[in-house]
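Since this is a predicted model, take the numbers as computed values, not measurements. Values below: every heavy atom of this structure, side chains too, minus hydrogens, waters and symmetry copies.
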Amino acid sequence: MDKILEYMLEEDEGFGDVTSNSVIDESVEVSAHIVSKDEGILAGINVAKELFESKHVRALFHLNDGCEIKKGDLLMYLRGNARDILLIERTALNLLMRMSGVATASNKYVDLVDGKVIIAGTRKTQPAIGKYDKMALKIGGADTHRFSLDDMLLIKDNHIAVVGSPREALKKAQKNASFSKKIEIEVETLDDAIACVENKADIVMLDNMGCEQVSEVLDELEKRNIRQNSLIEISGGINDGNIKDYVDLGVDIISIGALTHSSRSLDFSLKIEK
């Protein structure tokens, strides 16, 4: 089993489930089921299965990741030792509910842009479970962006503050990085955007720019006939109320940190069958 899942179980288990161990006989076998009390996109069902099966609990499901679910849907059937099911219950539900919440939010934004741009997540994930946040983004139809710091170069404001300017930072990256790594750079002004596109950054991120600023950048790149040099990504302050305004400008990528740092978990429950 994945080491992250092992750690989560160890953290939840502590020195044992003293409640279950005190009131339930060791050999009791039960059936249980996980039911949705919410609507959205299911994500993490295989992860939940792996958690239960690590304790030899039989776990069956017929709804797969990416399915649309509604209130009352049966998500998983369980059969096994009562103590083991209750030991794993909260860990499995927490992860399943969170992943489904992230997938649901991702799917909403993907639907809003109707294939005209790429919707991407960011590294604003929960500590330790970023891997599962990223999995949920993908299940919801969004791009995962970077899984880790070695996936690609992303030159941000703090790198630039150390080096001196976006152009200088980009030049250093192009000189020192492997040809196999894409280079993205974050900019906040028209002049810096132009400089980085002129110098052929793979991706230029327009950070926290309003629609008028983004439009100005794109217009100037077209006038200079360099728009094709770089993919243009935007990030910051984008929500379901204004995203279509940005899409209509002709950007390539919209990254939204809120997909992972602020998504509402869906509501699921586990019930022992009496």
Side-chain angles (χ1 to χ4, degrees), residues 1-106 124-140 258-274:
M1 185 169 59
D2 188 291
K3 289 183 178 180
I4 297 171
L5 297 182
E6 288 180 1
Y7 173 78
M8 292 171 68
L9 280 178
E10 289 172 1
E11 184 180 49
D12 224 13
E13 183 176 4
F15 291 102
D17 178 358
V18 294
T19 307
S20 295
N21 294 348
S22 298
V23 302
I24 298 173
D25 292 339
E26 185 177 4
S27 60
V28 174
E29 296 277 319
V30 297
S31 296
H33 54 267
I34 297 175
V35 174
S36 175
K37 299 166 68 178
D38 220 327
E39 297 181 350
I41 302 298
L42 180 63
I45 194 73
N46 286 293
V47 179
K49 177 181 172 69
E50 183 178 357
L51 281 164
F52 282 109
E53 289 184 342
S54 72
K55 293 292 185 179
H56 308 291
V57 173
R58 188 182 180 200
L60 302 173
F61 61 87
H62 68 278
L63 294 177
N64 295 308
D65 285 342
C67 286
E68 291 188 18
I69 54 174
K70 58 184 184 298
K71 294 178 182 179
D73 279 351
L74 175 64
L75 305 182
M76 182 173 285
Y77 171 81
L78 304 166
R79 180 70 188 177
N81 181 273
R83 288 187 181 182
D84 289 335
I85 289 174
L86 293 174
L87 176 68
I88 298 166
E89 173 188 9
R90 183 43 52 194
T91 302
L93 284 179
N94 283 350
L95 197 52
L96 186 61
M97 292 190 302
R98 176 174 174 79
M99 288 182 67
S100 296
V102 171
T104 299
S106 301
K124 293 177 181 177
T125 55
Q126 285 293 305
I129 62 167
K131 168 185 174 180
Y132 297 102
D133 280 351
K134 293 287 189 176
M135 287 173 59
L137 286 169
K138 187 173 182 179
I139 291 167
L259 295 179
T260 49
H261 72 61
S262 296
S263 290
R264 178 184 69 85
S265 295
L266 297 194
D267 188 8
F268 303 151
S269 67
L270 183 151
K271 295 294 183 184
I272 299 290
E273 297 178 0
K274 296 182 181 179

Checking the side chain of [X] only, and the main-chain atoms of [Y] only, is there a donor and an acceptor separated by less than 3.5 Å?
X: Asp73; Y: Lys70; result: yes
X: Lys49; Y: Ala59; result: yes
X: Ser100; Y: Ala43; result: yes

Shortest non-hydrogen contact between [X] and [Y], atoms and distance:
X: Leu137; Y: Ser106; answer: CD2-OG, 3.2 Å
X: Phe52; Y: Met76; answer: CD1-SD, 4.1 Å
X: Leu270; Y: Ile34; answer: CD1-CG1, 4.0 Å

Nearest-0.5 Å distance that lies between atom [atom1] in [X] and atom [atom2] in [Y]:
X: Glu29; Y: Arg58; atom1: CD; atom2: CZ; answer: 12.0 Å
X: Met99; Y: Ile139; atom1: CE; atom2: CD1; answer: 4.5 Å
X: Ser269; Y: Glu89; atom1: OG; atom2: CD; answer: 8.5 Å
X: Ile45; Y: Leu96; atom1: CD1; atom2: CG; answer: 5.0 Å
X: Asp267; Y: Glu39; atom1: CG; atom2: CD; answer: 12.0 Å

Heavy atoms, side chains only, cut-off 4.5 Å: are [X] and [Y] in contact?
X: Asp65; Y: Met135; answer: no
X: Thr19; Y: Leu86; answer: no
X: Asn46; Y: Phe61; answer: yes
X: Ile69; Y: Leu266; answer: yes

Carefully, step by step, assess Leu75 and Leu63 under the rule side-chain contact (heavy atoms from CB on, under 4.5 Å). CA-CA 6 Å; Leu75 305 182; Leu63 294 177; 4.1 Å; yes
Do any side-chain atoms of residues 77-84 form donor-acceptor pairs under 3.5 angstrom with protein atoms, and if so which ones, sequence neighbours left out?
residue, atom, partner, partner atom, Å
Tyr77, OH, Ser31, OG, 2.9
Arg79, NH1, Ser31, OG, 2.9
Asn81, OD1, Arg83, N, 3.0
Asn81, OD1, Asp84, N, 3.2
Asn81, ND2, Glu26, O, 2.7
Arg83, NE, Ile24, O, 2.9
Arg83, NH2, Asn21, O, 3.2
Arg83, NH2, Ile24, O, 2.9

Please say whether more than 12 non-hydrogen atoms of neighbouring residues, nucleotides or ligands are located less than 6.0 Å from CD in Glu68.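 No, because the 6.0 Å sphere around CD of Glu68 holds 12 heavy atoms or fewer from other groups.
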Residues forming a side chain to side chain donor-acceptor pair (under 3.5 Å) with Lys131, sequence neighbours excluded: Asp2
Is the shortest distance from a Lys or Arg side-chain nitrogen in Arg98 or Asp133 to a carboxylate oxygen in the other one below 4.0 Å?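 Yes, this pair counts.
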Between Asp38 and Arg264, does any side-chain N to carboxylate O distance fall below 4.0 Å? yes
